[in-house]
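Let me begin by presenting the structure, written as structure tokens, before commenting on it.
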Amino acid sequence: MNRRKHAEDAAKARCDLNIFYGVMAILEGGTISSAANADAAKIIRICRDAGQKAVRRYDAALSKVDEV
């Protein structure tokens, strides 16, 4: 792959990371009713896991950009 493709992969991973952490911030910020706390906790766990995967994708893509 070329440098541009790795940079695009890094940008996509960073965008995913921002979205997942944004959703977490909204849900953790008390914007939902107490009746939905259990559901929010599930979504937060999903977003946290997906965000960690996005960080790994971001780091891997950036390291490849530097190699090229």
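FYI, side chains are in, hydrogens and waters are out, and symmetry mates aren't considered; it's all heavy atoms of this structure. The shown structure was predicted, so the numbers you read here are calculated from the model rather than taken from an experiment.
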Quiz item: For the residue pair A61 and A10, what are the closest heavy atoms and their distance?
Solution: CB-N, 3.5 Å

Quiz prompt | Non-hydrogen atoms of F20 and G51 that approach each other most closely | solution = CD1-N, 4.0 Å

Quiz prompt | Cluster link V23 to Y58, ILVMFWY, side chain under 4.5 Å | solution = no

Quiz item: Is there a chain of hydrophobic side chains (I, L, V, M, F, W, Y, each step under 4.5 Å between heavy atoms) that links I26 to Y21?
Solution: no

Practice problem: Indicate, with yes or no, if I32 and I44 share a hydrophobic cluster defined by side-chain heavy-atom contacts under 4.5 Å among Ile, Leu, Val, Met, Phe, Trp and Tyr. | Solution: yes

Practice problem: Working to the nearest 0.5 Å, report the span between CD1 of I19 and SG of C47. | Solution: 10.0 Å

Exercise. Could you tell me the separation between the CZ atom of R14 and the CG atom of D59, rounded to the nearest 0.5 Å?
Key: 10.5 Å

Self-check item: Derivation and outcome, salt bridge (charged side-chain N to carboxylate O under 4.0 Å, His left out), residues E8 and R4
Solution: CA-CA 6 Å; E8 289 174 358; R4 181 183 175 129; 3.1 Å; yes

Quiz item: Hey, any chance V55 and V65 share a hydrophobic cluster, counting ILVMFWY side chains that come within less than 4.5 Å of each other, even indirectly?
Solution: no

Exercise. Locate the shortest heavy-atom distance separating S63 from A60; write the atom from each residue and the value.
Key: OG-O, 2.8 Å

Quiz item: Between D9 and R57, is any pair of side-chain heavy atoms under 4.5 Å apart?
Solution: no

Quiz item: Between I43 and M24, is there a shared hydrophobic cluster once you connect ILVMFWY residues whose side-chain heavy atoms come closer than 4.5 Å?
Solution: yes

